[in-house]
Novice: 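Dropping a structure here in structure tokens format, bear with me for questions.
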Amino acid sequence: MDGIVGVMRYAILADIHSNLVAFQAVLRDMEDKGKVDEIWCLGDVVGYGPEPHACIELLRQYEHICVAGNHDWAAIGKLDISDFNPYATQAILWTRKQLGAGDVDYLQNLPQRTKKGDFTLVHGSPRYPIWEYLEPGWLTTEDVEDNFNRFDTKFCLVGHSHKPIIFQQDSSGRYFVGGIPSEIKLSSQNNRLIINPGGVGQPRDGDPRASYAIYDSDAQIVYHYRVNYDINATQQKMLEYNLPLPLIERLSYGY
Ligand code: ZN
């Protein structure tokens, strides 16, 4: 896609998952920190949570780009859901009934990957953008190395695991994994990076607060933030819609 000209600030959001209350809290936090020119959304706008239509509608009010997640495709029947667990399946079948024609059209047209300046954006992983989890426990060394070969920019942004994490590859091709610091300095960076900002609507790293990042193209820094939101408000709506209890409970614990 297009490059980056001038001073720009981008919010990097992944896995909103129909959690409008969390999404709104992140947007407020983002706006408190200054003007953001564009939102980069890493997919799974819908699925699991109680407000799929409202989340799509709110995202569309912002200047943004978005790639497709597995739940986005499952919600419109573009992906077979036989591999989904029973709770995710139940939530997807419910989600399908909440989407309007405009929502379906929007999700239908999301690309699997896109590029913005030095960044490649995908939901899962560079080689399998819809499905693969870039998590240390799930992948062999070869799998991670292969993923670094599947994008040609210096940096790649992913979601899907709902866990803030960075994979770094040094000039010899070796890689290592770590948690996200509050500031990732890109200008002094010799390594290629795959960065997951964590999940907005269903964090899974043991911290229930919403997780997101802001990239400042002038400072060449990615800032990582956690945001409190009214978890109970989302849970009440999920109860009201009879969404699966384990999906409701997990929000309290961030797993
Ligand atoms: Zn997700």
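Throughout, numbering of the chain's residues begins at 1 and tracks the sequence.
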Novice: Does M30 belong to the same Ile/Leu/Val/Met/Phe/Trp/Tyr cluster as W40, with side-chain heavy atoms less than 4.5 Å apart forming each link?
Specialist: no
Novice: Check P126 against I194 and note the closest heavy-atom contact, atom names and distance.
Specialist: CG-CD1, 4.5 Å
Novice: Is it the case that the side chain of D72 and the backbone of V45 share a donor-acceptor pair, with hydrogens and angles ignored and the cut-off at 3.5 Å?
Specialist: yes
Novice: Side chain of N109, backbone of D105: donor and acceptor closer than 3.5 Å?
Specialist: yes
Novice: Can you tell me how far apart CG (N70) and OH (Y133) are? Round to the nearest 0.5 Å.
Specialist: 5.5 Å
Novice: Determine which pairs satisfy salt bridge (charged side-chain N to carboxylate O under 4.0 Å, His left out) with at least one residue from residues 159-173, sequence neighbours left out, and list them in order.
Specialist: E135-K163, D170-R174
Novice: Is a side-chain donor-acceptor pair under 3.5 Å present for S125 with E132?
Specialist: yes
Novice: According to a 4.5 Å side-chain heavy-atom criterion applied to Ile, Leu, Val, Met, Phe, Trp and Tyr, with indirect links allowed, do V67 and F119 form part of one hydrophobic cluster?
Specialist: yes
Novice: Provide the closest heavy-atom pair for N147 versus F151 in the form atom of the first, atom of the second, distance.
Specialist: O-CD2, 3.3 Å
Novice: Treat each ILVMFWY residue as a node, draw an edge where side-chain heavy atoms are under 4.5 Å apart, and state whether V200 and Y106 are in one component.
Specialist: yes
Novice: Which pair of heavy atoms, one from P136 and one from I165, lies closest together, and at what distance?
Specialist: CD-CD1, 3.7 Å
Novice: Is it the case that the side chain of R192 and the backbone of T153 share a donor-acceptor pair, with hydrogens and angles ignored and the cut-off at 3.5 Å?
Specialist: yes
Novice: Please name the pair of heavy atoms, one in A68 and one in W73, separated by the smallest distance, quoted to 0.1 Å.
Specialist: CB-NE1, 3.3 Å
Novice: Sequence neighbours left out, what pairs pass side-chain hydrogen bond (donor to acceptor under 3.5 Å, both in side chains) with at least one residue falling in residues 245-255?
Specialist: Q235-S252
Novice: Let me confirm one number: the OG-CG distance from S211 to N196, rounded to the nearest 0.5 Å.
Specialist: 8.0 Å
Novice: Is the ring pair Y223/Y225 parallel, tilted or perpendicular, if the boundaries are 30 and 60 degrees?
Specialist: parallel
Novice: Do L99 and L107 come within less than 4.5 Å of each other through their side chains, counting heavy atoms only?
Specialist: yes
Novice: Can you tell me how far apart SG (C41) and CD1 (I56) are? Round to the nearest 0.5 Å.
Specialist: 10.0 Å
Novice: For a 4.5 angstrom cut-off between non-hydrogen side-chain atoms, does L27 reach L58?
Specialist: yes
Novice: Any donor-acceptor pair under 3.5 Å linking the side chain of D216 with the backbone of D218?
Specialist: yes
Novice: Evaluate the side-chain contact (heavy atoms from CB on, under 4.5 Å) criterion for residues V222 and I180: first the C-alpha distance (whole Å), next the side-chain angles of each, then the deciding distance (0.1 Å), finally the verdict.
Specialist: CA-CA 10 Å; V222 174; I180 289 203; over 6 Å; no
Novice: For W131 and F84, take the angle between the two ring planes, folded into 0 to 90°, and tell me which bin it lands in: parallel under 30, tilted 30 to 60, perpendicular over 60.
Specialist: perpendicular
Novice: Are the side chains of P50 and T234 in contact, using a 4.5 Å heavy-atom criterion?
Specialist: yes
Novice: Angle class for the H71/H17 ring planes (parallel below 30°, perpendicular above 60°, tilted otherwise)?
Specialist: perpendicular
Novice: Find out whether V122 and C156 are in side-chain contact, i.e. whether some heavy atom of one side chain is under 4.5 Å from a heavy atom of the other.
Specialist: yes
Novice: How many angstroms lie between OG1 in T120 and NZ in K115, if you round to the nearest 0.5 Å?
Specialist: 5.5 Å
Novice: Are any side-chain N or O atoms of D37 and backbone N or O atoms of R9, one a donor and one an acceptor, separated by less than 3.5 Å?
Specialist: yes
Novice: Have Y62 and E38 got a donor and an acceptor in their side chains that come within less than 3.5 Å?
Specialist: no
Novice: Is the Lys NZ or Arg CZ of R28 less than 6.0 Å from the centre of Y229's six-membered ring, within 45° of the axis?
Specialist: no
Novice: Start with the C-alpha gap between L186 and D118, add the side-chain angles, then the distance that decides, and say whether side-chain contact (heavy atoms from CB on, under 4.5 Å) holds.
Specialist: CA-CA 10 Å; L186 301 184; D118 290 334; over 6 Å; no
Novice: For a 4.5 angstrom cut-off between non-hydrogen side-chain atoms, does D103 reach P52?
Specialist: no
Novice: When you group the ILVMFWY residues by side-chain heavy-atom contacts below 4.5 Å and let the links chain together, are V227 and V21 in the same group?
Specialist: no
Novice: So, are D29 and K33 salt-bridged, with charged N and O less than 4.0 Å apart?
Specialist: yes
Novice: Between the side chain of H162 and the main-chain N/O of G199, is any donor-acceptor distance below 3.5 Å?
Specialist: no
Novice: Once you round to the nearest 0.5 Å, how far does CH2 of W94 lie from OH of Y241?
Specialist: 6.0 Å
Novice: For I65 and Y10, what are the C-alpha separation, side-chain angles and deciding distance, and is it a side-chain contact (heavy atoms from CB on, under 4.5 Å)?
Specialist: CA-CA 10 Å; I65 52 176; Y10 302 92; over 6 Å; no
Novice: Do I39 and V46 sit in one hydrophobic cluster, given that two such residues count as connected whenever their side-chain heavy atoms are within less than 4.5 Å of each other, even indirectly?
Specialist: yes
Novice: For D143, which residues count as a salt bridge (Lys or Arg N to Asp or Glu O under 4.0 Å) partner, sequence neighbours excluded?
Specialist: R127
Novice: Measure across I166 and P181 and return the closest heavy-atom pair with its distance rounded to 0.1 Å.
Specialist: CD1-CD, 3.9 Å
Novice: Answer yes or no: is there a side-chain heavy-atom contact under 4.5 Å between R96 and I81?
Specialist: yes
Novice: Any idea which heavy atoms bring V26 and A210 closest together, and the distance?
Specialist: CG2-CB, 3.6 Å
Novice: Can you find a pair of side-chain heavy atoms, one from L93 and one from T89, that are under 4.5 Å apart?
Specialist: yes
Novice: Are Q168 and Q189 side-chain neighbours, meaning at least one heavy-atom pair lies under 4.5 Å?
Specialist: yes
Novice: Check step by step if side-chain contact (heavy atoms from CB on, under 4.5 Å) holds for M238 and L245.
Specialist: CA-CA 8 Å; M238 291 174 78; L245 271 179; over 6 Å; no
Novice: State the NE2-CG distance between H123 and D15, to the nearest 0.5 angstrom.
Specialist: 5.0 Å
Novice: Any salt bridge between D205 and R226, counting N to O under 4.0 Å?
Specialist: yes
